[in-house]
A.B. asks: 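Dumping the structure here so I can ask a few things about it.
Worth saying up front: this structure is predicted, and the values here are computed from it rather than measured. First listed ligand is number 1; within each ligand, the first listed atom is number 1. In what follows, every heavy atom counts, from backbone to side chain, and hydrogens, waters and symmetry copies are set aside.
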Amino acid sequence: MKELSVEKLHVSIGDQEIVRGLSLRVPRGEVHALMGPNGSGKSTLAKVLAGHPDYRVTSGKVLMDGEDLLELEPDERARRGLFLAFQYPSEVPGVTIANFLRAAMQSRLPEGEELEATDYYAKLYEKMELLGMDRSFTSRAVNEGFSGGEKKRTEILQLAMLEPKYAVLDETDSGLDIDALKTVAHGVNSLRGPDLGILLITHYQRLLNYIIPDYVHVMVAGRMVRSGRKELALELEERGYDWAREGAVEPAFTR
Ligand code: ADP
Ligand code: MG
């Protein structure tokens, strides 16, 4: 039961159904890639997991280690150990990365408990070492004038510091330059291990040349059309999404 599980999930935006009966399980300790063409509903799934108010779950369940995630407020989900990569503010002028991360960690602590500065910096530098990051990076203001790679570095460092049980990384379809891609890959590969389940959402097979997932899932039009081991990503790159859709293991367009 140590898994993030999505069961027959249906999600609507306004009166349009975007996710249409999606099921997926990510056990702790595994890396699952979720792929699919643009508009298939990948980011919608991520936003539902985050608790975004615009997305209406009409039926289905999401459980984290057996607990109903959809009943929890977004900040409570984070406190219980769910991390979503797009959750940091896009730009925080004047707030350094070090202070931003410290506030993020402090907010995860029970009321009245203080994060000790020395402990915090010890951990920060330990994680930066693990990730091969330069210490001077943390004195920069969050995302101010950052390159794609630097934004990703902030995100991965945040992931390392918060030590969640599950991380959902929604890699947007544009803007992953090679530097950003390598940062994400190196980060994920350094942080993967028995205590962390990762759902890596990506449009591109290319990222999976650097991060070898345990499982690959393909989502088309709000449903899972294929699931398999890492080879599925290669097959997909060769044959395209039409192939995945046509050869769907489960009927893709019936309920
Ligand atoms: P993906 O991440 O797989 O490219 P999305 O989840 O972003 O797909 O989008 C799935 C569908 O939902 C698309 O048709 C998109 O236009 C629609 N959609 C997503 N977010 C919204 C929104 N906030 N309002 C209206 N439609 C949306
Ligand atoms: Mg998307």
A.B. asks: Check each of I201, D170, V220, I18 against atom 17 (C) of ligand 1 and report the one with the nearest heavy atom.
C.D. replies: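 Among I201, D170, V220, I18, the closest heavy atom to atom 17 (C) of ligand 1 comes from I18.
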A.B. asks: Which of the atoms in ligand 1, numbered in the order shown and given with their element, are less than 4.0 Å from a heavy-atom of N38?
C.D. replies: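 Near N38, meaning under 4.0 Å from one of its heavy atoms, ligand 1 has 4 (O).
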A.B. asks: Using a 3.5 Å cut-off on N or O atoms only, is K42 in polar contact with ligand 1?
C.D. replies: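 Min N/O separation from ligand 1 is below 3.5 Å for K42.
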A.B. asks: In terms of side-chain geometry, is the basic nitrogen of D179 or R153 positioned less than 4.0 Å from the acidic oxygen of its partner?
C.D. replies: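 Answer for the salt bridge query: yes.
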A.B. asks: Of T44, V19, V11, which has the heavy atom at the shortest distance from atom 5 (P) of ligand 1?
C.D. replies: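 Result: the heavy atom closest to atom 5 (P) of ligand 1 is in T44.
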A.B. asks: With respect to D214, which candidate in K230, R28, R192 satisfies the salt bridge (Lys or Arg N to Asp or Glu O under 4.0 Å) definition?
C.D. replies: R192
A.B. asks: For H186, which residues count as a ring-ring contact (aromatic ring centres under 6.0 Å, His included) partner, sequence neighbours excluded?
C.D. replies: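 Not a single residue meets the ring-ring contact (aromatic ring centres under 6.0 Å, His included) criterion with H186.
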A.B. asks: Any side-chain donor-acceptor pair under 3.5 Å between Y210 and N189?
C.D. replies: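 Side-chain D/A pair, Y210 to N189: absent.
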A.B. asks: Against ligand 1, does P37 come closer than 4.0 Å with any heavy atom?
C.D. replies: yes
A.B. asks: Hey, is there an N, O or S on N38 sitting under 2.8 Å from the Mg ion (ligand 2)?
C.D. replies: no
A.B. asks: Please lay out, stage by stage, how L169 and E171 fare under the test side chain to side chain contact (heavy atoms under 4.5 Å, CB included).
C.D. replies: CA-CA 6 Å; L169 309 177; E171 297 312 335; 3.8 Å; yes
A.B. asks: Give the numbers and elements of all ligand 1 atoms closer than 4.0 Å to a heavy atom of S40.
C.D. replies: 1 (P), 3 (O), 8 (O)
A.B. asks: Check each of G39, G36, S43 against atom 7 (O) of ligand 1 and report the one with the nearest heavy atom.
C.D. replies: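 The option holding the nearest heavy atom is S43.
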A.B. asks: A quick test of your reading: do over 12 heavy atoms of other residues, nucleotides or ligands sit less than 6.0 Å from CD of E129?
C.D. replies: no
A.B. asks: Suppose we screen for side chain to side chain contact (heavy atoms under 4.5 Å, CB included). Which residues come up paired with Y120, at least two apart in sequence or across chains?
C.D. replies: A98, L101, R102, M105, L115, L124, M161
A.B. asks: Number the atoms of ligand 1 from 1 as they appear, then name those within less than 4.0 Å of a heavy atom of I13, with their elements.
C.D. replies: 18 (N), 19 (C), 20 (N), 21 (C), 22 (C), 24 (N), 25 (C), 26 (N), 27 (C)
